[in-house]
Participant: 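Starting off with a structure, shown below.
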Amino acid sequence: MSLIVVKFGGSSLADAQQFKKVRDIVLSDPSRRFVVPSAPGKRFEGDEKVTDMLYACQRLAQNGQSFDGIFDRISERFTGIESQLRLSTDIAFHLKTVKKDIADGATADYAASRGEYLNGILLSDYLGFEFVDAKEFIRFDAKGVFLAEFTNEIAGEVLKGKQNAVVPGFYGSYPNGAIKTFSRGGADISGAIVARSVFADVYENWTDVSGFLMADPRIVKNPKPIRVVTYKELRELAYMGATVLHEESIFPVRQACIPINVRNTNAPQEQGTMIVAEAEDYGDCAITGIAGKKGFSVISVEKDKMNVEVGFAYRVLSALVANGISIEHMPTGIDTLSVIVSQKDLQGRRREIIDDIMAACDPDSVEVHEDMALIAVVGRGMINRVGTSARVFTALAEKGVNVRMIDQGSSEMNIIIGIESEQFEAAVNAIYYAFQCD
Ligand code: ASP
């Protein structure tokens, strides 16, 4: 029988109603043996996340102020779940301990981690699965660096032989046993760590969307879901702003070649998106997804015969490095070199950076063009497929979008297009509709 590790995000476990959905999902497949919960998230637009409230309690306690009001709201969340599900766990006792620890000066990491800890205790009771505290095997060094291999070894030992377990997400421990959390959203990472350590066949990441969509639904109306995406494609899309998962959560499972299935707790009948190492089946569609961002500037440097001047690009880049500017893309021509950078990085320093470039390489001109947007058209199906870029640029031309920059990665898996920010939405839609396929 296969083995599945399931992680549920905060909105999937926000109240008793959501707990019921989670139980139905977990118990409907006996392969779902290890469950990694987040803390209760928002129940509705404008609601509070338990993790945020715990951080706030700790800050107030640190400043010697009362945190009774917020802690009462936290308690209500957990006792509400406990009583509505008629659980036998004495959650009031656990809450009392957490409150006392925070009042006694607990760290922010400890306080924040209690959301997952308490939710894990409730969920283990509800599912009838053993509770295994993540601090036992998710380990950091004294400086707070996550110890991937050490963790994998101990996790394997701790979880080996267990039929099933609930392991709270988001945290582990320092060598002295104190609690250390991952960055926000880090329960995704915990799930991936557990999946790797038990040699899971699949890591299911349950959230409130049915996986990744081909484009941002705020820009394109009802975009199609992505059924299969490779890690590499996802990296390109995530870099351009498409995020559902914590970026670091990919690494443990990628290393072990375990596919991730992103699914929707509120629509479990949908298959969601499979994230895999390799995939061929792109059907008729050359592209997997489109993502993009606004807020870029292009610095264009021009110099006659720059192509024969040894070290020209090096000098331009050195001037940018000396100013701490990171480079997104660098399309070049025969006598021009353009560097795309984040507009934020240039703010208030434009003149001095231009002067530094002038001093470094004595060009004929340096121009900065602001308010650019970048769009990444990503797809493993593009490799060796004739006509994909023609389709992209025809679609853009038909909508009157002026393309200012084109860059194709050597992997041939993406085309990056630079356009004016104000044409961003029109451009994303034009590309999406040019690739209507299943
Ligand atoms: N509860 C934590 C947060 O809100 C971790 C997570 O949900 O992944 O960031």
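Being a predicted model, the structure only gives us computed values, none of them experimental.
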Participant: Might you point out which heavy atoms bring Y432 and N222 nearest each other, and give the distance in Å?
Facilitator: OH-O, 4.1 Å
Participant: Suppose we screen for salt bridge (Lys or Arg N to Asp or Glu O under 4.0 Å). Which residues come up paired with K294, at least two apart in sequence or across chains?
Facilitator: E425
Participant: Between the side chains of D104 and K100, is the shortest nitrogen-to-carboxylate-oxygen separation below 4.0 Å, so that they form an ion pair?
Facilitator: yes
Participant: In chain order, what residues pass the side-chain hydrogen bond (donor to acceptor under 3.5 Å, both in side chains) check against S183, with sequence neighbours excluded?
Facilitator: H246
Participant: Mark yes or no for whether T273, through its side chain, and I226, through its backbone, hold a donor-acceptor pair below 3.5 Å.
Facilitator: yes
Participant: Between E420 and R404, is there a side-chain N and carboxylate O pair less than 4.0 Å apart?
Facilitator: yes
Participant: Taking atom CZ of R235 as the centre, report whether more than 12 heavy atoms of other residues, nucleotides or ligands fall under 6.0 Å from it.
Facilitator: no
Participant: Rounded to the nearest 0.5 Å, how far apart are OG1 of T181 and CZ of R114?
Facilitator: 11.0 Å
Participant: If only atom types and distance count, is the side chain of S421 paired as donor or acceptor with the main-chain N or O of D371 below 3.5 Å?
Facilitator: yes
Participant: Please enumerate all residues that pass side-chain contact (heavy atoms from CB on, under 4.5 Å) together with S297, with sequence neighbours excluded.
Facilitator: V341, Q343, L346, V368, E370
Participant: Give me the atom names and distance for the closest heavy-atom approach of V229 to R380.
Facilitator: CA-NH1, 4.1 Å
Participant: Identify each donor-acceptor pair in which a side-chain atom of residues 88-98 lies under 3.5 Å from a protein atom, sequence neighbours left out, and give them as a table.
Facilitator:
residue : atom : partner : partner atom : Å
T89     : OG1  : D125    : OD2          : 2.5
D90     : OD1  : F93     : N            : 3.4
T97     : OG1  : F93     : O            : 3.1

Participant: Using every non-hydrogen atom in the two residues, find where A195 and V5 come nearest and quote the distance to one decimal.
Facilitator: CA-CG2, 3.6 Å
Participant: Among residues at least two apart in sequence or on other chains, which ones pass salt bridge (Lys or Arg N to Asp or Glu O under 4.0 Å) with R77?
Facilitator: D47
Participant: Any luck finding a side-chain donor-acceptor pair between Y171 and D133 under 3.5 Å?
Facilitator: yes
Participant: Could you work out, with side-chain contact (heavy atoms from CB on, under 4.5 Å) as the rule, every residue matching L213, not counting sequence neighbours?
Facilitator: P217, P223, P225
Participant: Locate the shortest heavy-atom distance separating V50 from G115; write the atom from each residue and the value.
Facilitator: CG1-CA, 4.1 Å
Participant: About how many Å separate CD of Q58 and OH of Y55, when rounded to the nearest 0.5 Å?
Facilitator: 9.5 Å
Participant: Surrounding NZ of K293 (heavy atoms of other residues, nucleotides or ligands, distance under 6.0 Å), is the total greater than 12?
Facilitator: yes
Participant: Side-chain donor-acceptor pair under 3.5 Å between N205 and N261, yes or no?
Facilitator: no
Participant: Determine whether a donor-acceptor pair (N or O, by modelled atom type, separation under 3.5 Å) exists between the side chain of R43 and the backbone of P40.
Facilitator: no
Participant: Can you check whether G272's main-chain N or O pairs, donor with acceptor, with R263's side chain at less than 3.5 Å?
Facilitator: no
Participant: Does CD in E278 sit with more than 12 non-hydrogen atoms of other residues, nucleotides or ligands closer than 6.0 Å?
Facilitator: no
Participant: What pairs with N266 under side-chain hydrogen bond (donor to acceptor under 3.5 Å, both in side chains), at least two apart in sequence or on another chain?
Facilitator: Q18, K21
Participant: Supply the atom-to-atom distance I102 CD1 to R59 CZ, rounded to the nearest 0.5 angstrom.
Facilitator: 11.5 Å
Participant: Do other residues, nucleotides or ligands put more than 12 heavy atoms under 6.0 Å from the CD atom of Q269?
Facilitator: yes
Participant: Report yes or no: does E116 contribute a side-chain atom to a donor-acceptor pair with the main-chain N or O of A39 at less than 3.5 Å?
Facilitator: yes
Participant: Under the criterion side chain to side chain contact (heavy atoms under 4.5 Å, CB included), which of L374, V401, L396 is the partner of I417?
Facilitator: L396
Participant: If you round to the nearest 0.5 Å, how far is OG of S124 from CG of L87?
Facilitator: 9.0 Å
Participant: Under a 3.5 Å cutoff, is there a donor and acceptor pairing between the side chains of S31 and D29?
Facilitator: yes
Participant: Check whether the ring centres of F146 and F140 lie less than 6.0 Å apart, and answer yes or no.
Facilitator: yes
Participant: Flag yes if more than 12 heavy atoms outside F199 fall under 6.0 Å of its CZ atom; otherwise flag no.
Facilitator: no
Participant: Using a distance-only test with no angle check, is there a side-chain donor-acceptor pair under 3.5 angstrom linking N264 and E270?
Facilitator: no
Participant: Could you tell me whether K7 and E204 have a side-chain N and a carboxylate O separated by less than 4.0 Å?
Facilitator: no
Participant: My understanding is that only residues two or more places apart in sequence, or in another chain, count here; which of them pass ring pair (Phe, Tyr, Trp, His ring centres under 6.0 Å) with F131?
Facilitator: Y117
Participant: Is a donor on one side and an acceptor on the other found under 3.5 Å between the side chain of D141 and the backbone of G144?
Facilitator: yes
Participant: Which residues pass the side-chain hydrogen bond (donor to acceptor under 3.5 Å, both in side chains) test with D52, sequence neighbours left out?
Facilitator: R184
Participant: Using 0.5 Å steps for rounding, measure from the CD1 atom of I299 to the CD1 atom of I353.
Facilitator: 6.5 Å
Participant: For P30, check side-chain contact (heavy atoms from CB on, under 4.5 Å) against everything at least two apart and list the hits.
Facilitator: M1
Participant: Can I get a per-line list of side-chain donor-acceptor pairs under 3.5 Å for residues 64-72, giving both atom names and the distance, sequence neighbours left out?
Facilitator:
residue : atom : partner : partner atom : Å
S66     : OG   : D68     : N            : 3.3
D68     : OD1  : K99     : NZ           : 3.0

Participant: Could you tell me whether a side-chain N or O of N414 sits under 3.5 Å from a main-chain N or O of A376, the two making a donor and an acceptor?
Facilitator: no
Participant: For a quick test of reading the model, state the closest non-hydrogen atom pair linking S38 to N119 and the distance between them.
Facilitator: O-ND2, 2.9 Å
Participant: CD1 of I219 to CD1 of I375: how many Å apart, nearest 0.5 Å?
Facilitator: 8.0 Å
Participant: Would you kindly say whether D208 and S11 are connected by a side-chain donor-acceptor distance under 3.5 Å?
Facilitator: yes
Participant: Do D407 side-chain atoms and I416 backbone N/O form a donor-acceptor pair below 3.5 Å?
Facilitator: no
Participant: Using side-chain hydrogen bond (donor to acceptor under 3.5 Å, both in side chains) as the criterion, list what pairs up with R86, not counting sequence neighbours.
Facilitator: none
Participant: Is it true that a side-chain atom of S173 and a backbone atom of I179 form a donor plus acceptor pair closer than 3.5 Å?
Facilitator: no
Participant: Between the side chains of T79 and E82, does any donor sit under 3.5 Å from an acceptor?
Facilitator: no
Participant: Identify the heavy atoms of S197 and N152 that sit nearest to each other, and give their distance.
Facilitator: CA-OD1, 3.2 Å
Participant: Give a yes or no on whether the backbone of N323 and the side-chain of R349 come within a donor-acceptor separation of less than 3.5 Å.
Facilitator: yes
